Number of protein chains: 4
Amino acid sequence: MVYNKTEKILEKQQLRSQKIIKAVREILSEKDMGKVSIKSIAQKAGIATGTFYLYFADKETLIDTVVQEIYQELLEHIKNERAQYSNGFDKLQATMEVCIQLFMKEKHLAKTVLVDVPQKNTALNSKYTYIENDLIRLAKIDIDELMDKQLIPKQDTLVSAIAFVGAFREVILSWISTGEPLDSELAQKTLIEYNMRALGRYII
Amino acid sequence: MVYNKTEKILEKQQLRSQKIIKAVREILSEKDMGKVSIKSIAQKAGIATGTFYLYFADKETLIDTVVQEIYQELLEHIKNERAQYSNGFDKLQATMEVCIQLFMKEKHLAKTVLVDVPQKNTALNSKYTYIENDLIRLAKIDIDELMDKQLIPKQDTLVSAIAFVGAFREVILSWISTGEPLDSELAQKTLIEYNMRALGRYII
Amino acid sequence: MVYNKTEKILEKQQLRSQKIIKAVREILSEKDMGKVSIKSIAQKAGIATGTFYLYFADKETLIDTVVQEIYQELLEHIKNERAQYSNGFDKLQATMEVCIQLFMKEKHLAKTVLVDVPQKNTALNSKYTYIENDLIRLAKIDIDELMDKQLIPKQDTLVSAIAFVGAFREVILSWISTGEPLDSELAQKTLIEYNMRALGRYII
Amino acid sequence: MVYNKTEKILEKQQLRSQKIIKAVREILSEKDMGKVSIKSIAQKAGIATGTFYLYFADKETLIDTVVQEIYQELLEHIKNERAQYSNGFDKLQATMEVCIQLFMKEKHLAKTVLVDVPQKNTALNSKYTYIENDLIRLAKIDIDELMDKQLIPKQDTLVSAIAFVGAFREVILSWISTGEPLDSELAQKTLIEYNMRALGRYII
DNA sequence: CATGAATGAGCCTTCATTCAT
DNA sequence: AATGAATGAAGGCTCATTCAT
């Protein structure tokens, strides 16, 4: 019984935590991005402001958690998609494609992940491992492999991976801000080819 | 005499303004990025809080001013360097080189320009024209020219320009955060070639 | 139970609101008329400055509320008393008598109503309908009636009503400042007769 | 020589003081009643803010001085006008007429004298002798005289004098706020007759 | 455990007054 | 004497956090 009770309680706590996190994400996703105050979060989560502090130490902890969750989700998506390909080029391309899809569908999430979070973590203040780093790591693995197989020229693969992600990030953000370009297909093709070409794929 | 006096006063005022701006820049550059409150700015500038308002209408005006100043500085550098080249590829390369030099020398400035400011201006909140937009514009001009001359394949040149700047930005920021890579020369070469290759320069 | 709880809370909130309003009234009534700052109000009400904003949107709202409250109280008194008379002269006299009574009993309230509030609303700044206007309106109705019945000479009844209230106001204020005159009865009689005579009651 | 010099200096000081006072009065007279800050006063007076403190101990002293000056001027006017009449009724009427004229011509001055100043001096805080008191005193003298001569019924002449001034004050203020009534002549006649009748002039 | 009213430090801004020049 | 830049206390308001119920 006791065990059960504990389990139930833990479950309930989980639920509450999730509710709070969901509330934050909803607020972050709102078009006009309402105030991200504890009060508004609690309101959206349907709890009292004080209750918040039973689940999270403080506001910062909450934000950290939300960010982690978002990251995990995104990486999950990417990994699933990549799993279908064995070729390094294809994997990179698939990564970009899934990211484009996801980000364009959830623009505010993209903003949070690509802008709001990193901005709090620049320079030596890198408290999180953020999505960009994860993406870079993934990209680097592929690029390393391609270089090993001599499919691309010798290069500082870390730099390339960073550039790869950076080019991608900037374009996505511009689309989020100004709306996707009219010829969306050409635009996406340009972006993908930009990065693929940049790696230096040998033309056979 | 009167003339002299006025001159001196103006000079002194300039100095104070500069002192305040410098204080903001310093705060923005601090590792732990202290609060950018009027109080902290005044403290850092060695003035009373009220004095601040003798030099700037309000906080927002100050921030605008700082941003503008930083932009002007950077663009000046870039334009000077680019002026020496007529060829599109060379100009783009020169732009990257001067930016690398400047940013690596003034890392804090780079951080402000590439991170702090853009983050306040994402999406529809584009009150400033920020450096990235200016850089993108410059890059696009060169890329358009290259495409017109059929030196690179057909592409959405705006996307390419954005990707170009994005790749660059990300790499620079990573260097700022983690320090330049050991083989700095290879790293820089990789970055530059990454972007040049990405444009699709036809190999002759 | 829930109902009870809600009731209790509402009651408590009412209490706080009242406490705050009372605090303002007290400050307004103090001899040296302390500063009417949020801080001083909160202090007097025994709450934190932030708490104030749980009960009133801002300072202006509070002041409005206080004023309205005072007005309602006074008008209630007057209307009750007037209800007992049908004759225009009697109604006017009753109005004066009830006002004299009330004001002399609650001198601070009188001061607020007759001095503090109007002074914030002079000229084109008439955001409130203040007691004086209401009193004037009431008086005018009676005077109009008297004139229609040809019980008083032809006159600009609005001017007369204003003068009526003004004469009254000034005398009351003088009594508040300097204390009622020794021969209080004569004094009150003089005031009432002054205004009644002024209207020009035809001597039969 | 020394004497002369001192005289000149005193004269100059007088001039400055006057300039400052004039500045305040101008600001008080402006339709939109700009901020009455030391800075704005100094600006209008054509002096530096610091200079102000060479002529007045502080802001309050200045305001007191301005008020005194205004009062003196007004009383001067009134006394001159009254001097032409020997009859008590005529004197009272003349007083009212000159006040109406003056106040309607300088509405903002009227506002200052009748509203702004008294409001700072209510109740036991009567630091100034304000115009109203002076007017009341004058009126009382006349009313006493009339009563002594048995031209009006027995009454508390102080109360009557206060009521007299109060009725007058209120009407003037209403004209200042809302503009003079259309039938200005009837309105003025009503006001004057109101007060005259109120005194109880025996109809012969 | 949950609540949400209460807290108070902190923010931006104004302005009467001072003081070095 | 005159200047006006500098001062800093004070004002209204916000919001992360606490605590009595």
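Each chain gets a letter, A, B and so on, in the order the sequences are listed, and its residues count up from 1. Everything numeric in this text was worked out from a predicted model, so none of it was measured.
The side chain of D/Ser37 lies closest to E/dA16, out of E/dA16, E/dT14, F/dT17.
The interatomic distance linking A/Gln14 (CD) with E/dC1 (C1') rounds to 17 Å, in whole Å. In this entry the distance linking NZ of C/Lys35 with C1' of E/dT14 reads 12 Å, nearest Å. Distance, C/Lys39 NZ to E/dT7 C1': 14 Å, rounded to whole Å. Atoms CD (C/Glu60) and C1' (F/dC13) sit 14 Å apart, rounded to a whole Å. Summarising the geometry, the separation between CD1 on C/Ile41 and C1' on E/dA6 is reported as 17 Å, rounded to the nearest angstrom. Distance, C/Asp58 CG to F/dC13 P: 5 Å, rounded to whole Å. Remark: P of F/dA1 and CZ of D/Arg16 are 11 Å apart, rounded to the nearest angstrom. Going from atom CD of D/Gln43 over to atom P of E/dA16 covers 13 Å, rounded to whole Å.
No side-chain heavy atom of C/Phe56 sits less than 4.5 Å from a side-chain heavy atom of C/Val66. Proximity of D/Gln18 to D/Glu69: side-chain heavy atoms (C-beta onward) are separated by under 4.5 Å at one or more points. In this structure, the side chains of A/Tyr55 and A/Leu62 stay at 4.5 Å or more apart for every pair of heavy atoms.
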Go through the steps for C/Glu26 and C/Lys19 under the test salt bridge (charged side-chain N to carboxylate O under 4.0 Å, His left out), then give the verdict.
CA-CA 10 Å; C/Glu26 272 173 33; C/Lys19 222 181 187 173; over 6 Å; no
Could you go step by step and tell me if A/Thr61 and A/Asp64 meet the side chain to side chain donor-acceptor pair (under 3.5 Å) rule?
CA-CA 5 Å; A/Thr61 303; A/Asp64 286 9; 5.9 Å; no
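In terms of modelled atom types and a separation under 3.5 Å, the side chain of A/Thr51 and the main chain of A/Ile47 share no donor-acceptor contact. When atom types are taken as modelled, the side chain of A/Thr49 and the backbone of A/Lys39 share no donor-acceptor pair closer than 3.5 angstrom. For A/Lys59 (side chain) and A/Val36 (main-chain N/O), a donor-acceptor pair under 3.5 Å exists by modelled atom type.
Nearest-nucleotide assignment on DNA chain E puts the 5′-proximal partner with C/Tyr55, out of B/Lys59 and C/Tyr55.
Atom NZ of D/Lys22 has 12 or fewer heavy atoms from other residues, nucleotides or ligands within 6.0 Å.
Near DNA chain E, defined here as any heavy-atom distance below 4.0 Å, the residues from residues 45-54 of chain D are D/Gly50, D/Tyr53, listed numerically.
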For DNA chain E, please output the secondary structure as dot-bracket, reading 5' to 3'. Pairs are Watson-Crick or G-U wobble, both atom distances under 3.5 Å; mark crossing pairs with [ ], other-strand partners with |, unpaired with a dot.
.||||||||||||||||||||
